[in-house]
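Report on the following structure.
Within every chain, numbering begins at 1; the chains are lettered A, B, ... in the order of the sequence lines, protein sequences first and strands thereafter.
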Amino acid sequence: MRAVHRIPQPPHPTESRAVTEQNLPAPEIAEDLPEQMRVRRAKRDRLLAEGAEPYPVGFPRTATLAEIRTKYAELPTDTASGDRVGVTGRVIFIRNSGKLCFATLRDGDGAELQAMLSRDKVGAERLESWKRLVDLGDLVGVVGEVITSRRGELSVLADEWSMTAKALRPLPVAHKPLSEETRVRQRYVDLIVRPQAREVVRTRATVVRSLRESLFRRNFLEVETPMLQLLHGGASARPFVTHSNALDIDLYLRIAPELFLKRAMVGGIERVFEINRNFRNEGMDSTHSPEFAMLEAYQAYADYRVLQNEVRQWIQEAAEAVSGSHVVTHQDGTEVDLGGQWRTVTLFGALSEALGEEVTVRTDMSRLLQYAEKHDLSVDPKWSPGKLAEELFEHLVVPGLQEPTFVCDYPEATTPLTRPHREISGLTEKWDLYVRGFELATAYSELVDPVVQRERLVAQSLLAAGGDAEAMVLDEDFLRAMEYGMPPAGGMGMGIDRLLMALTGLGIRETILFPLVRPE
RNA sequence: GGGCUGCUAGCUCAAUGGCAGAGCUGUGGACUUUUAAUCCAUAGGUUCCGGGUUCGAGUCCCGGGCGGCCCA
């Protein structure tokens with residue numbers, strides 16, 4: 001469906017009048033607006049008074065700025081191409097002089113192109129109108145010939161111009177960085193003035209698409225499972241609670257899709273994944289957002305070792321999609337090589353190395369407590385030895401895990417939904433992948449024995465009943481599904497925001513387009 | 001949750017307890033090859049909010065709001 005456009009012929013005002021506040025119609029808007037906003041509203045009124053639309057229905061664009069840049073890349077200095085085009089863009093710089101005006105336009109790709117308006121071409125009145133009514137930040141359309149200026153700048157020399165959307169608010173200074181708070185609260189402004197902000201949006205889209213393609217190539221099916229859940233489960237985290245008026249019951253925003261993806265596995269979807277949002281009602285900091293995107297995938301007849309290889313490849317393929325190789329460049333300029341095989345350690349092996357003494361899943365609580373004291377780790381008396389070992393690991397080892405590292409074999413006590421280790425009792429078949437000191441992904445050999453599963457979930461639900469807000473409640477329907485038989489499987493989860501952090505070196509609020517912020 | 005710290009013009013930032021300022025932006029003017037154009041002139045303020053101390057508070061004190069950094 002494509003509208004047929006004529007080149008618009010903006011009406012010529014019968015007289016050329018200076019636009020000042022004195023002779024403008026009184027703005028109907030509140031008088032207490034800052035001067036610059038009053039002026040822009042007045043210019044909008046003035047456009048209407050001249051019979052021009054400040055917000056027309058469209059503009060006959062014949063080429064994007066990027067297309068023109070490509071097509072006329074070789075046009076020599078001070079040359080007219082003879083080709084007439086219609087272009088649009090936001091005015092990001094403006095240089096007006098008496099009879100010749102320059103403006104730099106930028107359009108959706110981030111490509112920039114100069115527009116030139118000379119009195120000879122557009123006429124005195126249209127030039128005057130341009131100078132009086134066009135501000136930095138306005139969206140304009142220009143019809144004219146593609147030329148190069150005497151300085152060699154590729155330009156469109158206008159026969160005509162028109163407003164395509166008048167900006168009523170002034171743009172921030174383009175050459176000074178916006179405060180971090182404004183960047184997050186008014187991302188639309190950040191996107192206008194900071195090319196890097198636009199780049200992140202594209203990078204994120206590239207990464208998500210790459211992940212989907214990686215999984216499609218391996219015959220995974222993408223599904224969407226409930227975000228509104230009757231019961232809270234699938235991970236350890238505090239949920240958001242909401243309410244259904246129709247059912248008159250409280251519902252939970254999901255903290256993980258796991259229990260539904262496993263139901264799908266029971267039903268015969270042997271390779272299944274979902275990329276979508278999870279919600280956790282917990283703290284917000286530089287690596288945690290209350291809503292975050294996650295990839296979760298399950299593969300029948302695979303285990304955590306198979307997934308180790310798979311996940312590494314998916315991430316490497318994403319790196320390649322972003323940067324063309326396994327070496328990604330962070331926004332501070334450092335290069336990070338995600339290629340090759342990645343280091344694999346065991347949790348207790350890495351912990352032993354950090355402590356300088358052999359520690360295993362059998363090491364008793366009193367010795368672990370000594371280590372905790374020695375390293376100033378405050379201990380919660382409710383912790384099991386396994387939990388304490390994991391806390392020691394996070395405290396002593398994780399900050400040093402800058403290169404991608406798989407950490408394998410976690411204590412059973414901390415991983416209730418994971419299959420027991422096939423060789424070492426007390427451990428489970430789980431790995432966490434760390435990069436730059438944070439957890440990027442995790443995977444398990446899934447626990448599929450419905451009897452053991454029930455024992456573990458009952459224990460969890462007792463914790464929940466005892467007041468542990470992070471513990472899961474008993475999901476009888478999930479257990480019923482498991483009793484029909486789920487194939488042996490490996491399962492994994494990876495934070496999309498964190499993958500972006502790993503690939504770009506950004507903080508989580510920079511990787512999320514519109515992160516949650518406290519109300520102003 | 002604790003410690004430190006910031007909030008001033010549209011934006012980025014100055015201002016010993018003593019007239020609230022600069023650059024960019026805006027406005028008026030000059031300029032037909034500019035590139036963050038240049039030149040002349042000029043406007044613009046609830047100093048986050050509420051109390052207090054003081055002859056006098058952007059500045060000091062107390063409380064609150066919204067950020068940032070570090071720690072838990």
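Looking at A:E128 and A:R132, a side-chain N of the basic residue comes within less than 4.0 Å of a carboxylate O on the acidic one, giving a salt bridge.
Residue pairs meeting the side chain to side chain donor-acceptor pair (under 3.5 Å) criterion with at least one member in residues 381-399 of chain A, sequence neighbours excluded: A:K387-A:E391, A:E390-A:T414.
No N or O donor and acceptor, one from the side chain of A:Q36 and one from the base of B:G26, sit under 3.5 Å apart.
The P atoms of B:G52 and B:G58 are separated by 15 Å, rounded to the nearest whole Å. Nucleotides B:A20 and B:U47 place their C1' atoms 8 Å apart, quoted to the nearest Å. On the C1' atoms, B:U25 is 11 Å away from B:G44, given to the nearest whole Å. With both ends at atom C1', the span from B:C13 to B:C4 equals 22 Å, rounded to whole Å. B:A57 and B:C24 are spaced 33 Å apart, taking the P atom of each and rounding to whole Å. Spacing between B:C48 and B:U12 at atom P, rounded to whole Å, works out to 14 Å. Atom C1' of B:C39 sits at a distance of 9 Å from the matching atom of B:C31, rounded to the whole Å. Annotation: B:A14 and B:U32 have their P atoms spaced 40 Å apart (nearest Å).
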- Query: Would you write out the dot-bracket form of RNA chain B, 5' to 3', with Watson-Crick and G-U pairs under 3.5 Å, [ ] for crossing pairs, | for pairs to other strands and . for unpaired bases?
  - Reply: (((((((..((((....[..)))).(((((.......))))).....(((((..]....)))))))))))).
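Within 4.0 Å of A:L178, counting heavy atoms only, lie sugar-phosphate atoms of the nucleic acid but no base atom. At a threshold of 4.0 angstrom between heavy atoms, the contacts of A:D78 with the nucleic acid are absent. The residue A:M116 sits close to a base: some heavy atom pair falls under 4.0 Å.
Under the 4.5 Å side-chain criterion, counting only non-hydrogen atoms from C-beta, A:V361 is in contact with A:F348. No side-chain heavy atom of A:F59 sits under 4.5 Å from any side-chain heavy atom of A:L139. The shortest distance between side-chain heavy atoms of A:E53 and A:L47 does not fall below 4.5 Å.
When the shell of 6.0 Å around CD of A:E291 is examined, it contains more than 12 heavy atoms from other residues, nucleotides or ligands.
For A:K176, no side-chain nitrogen or oxygen approaches OP1 or OP2 of B:U12 to under 4.0 Å.
Here the side chain of A:S378 is nearest to one of B:A72, B:A37, B:A43, namely B:A72.
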Name the pairs: protein N/O against N/O of nucleotides 2-5 of chain B, kept only if under 3.5 Å.
none

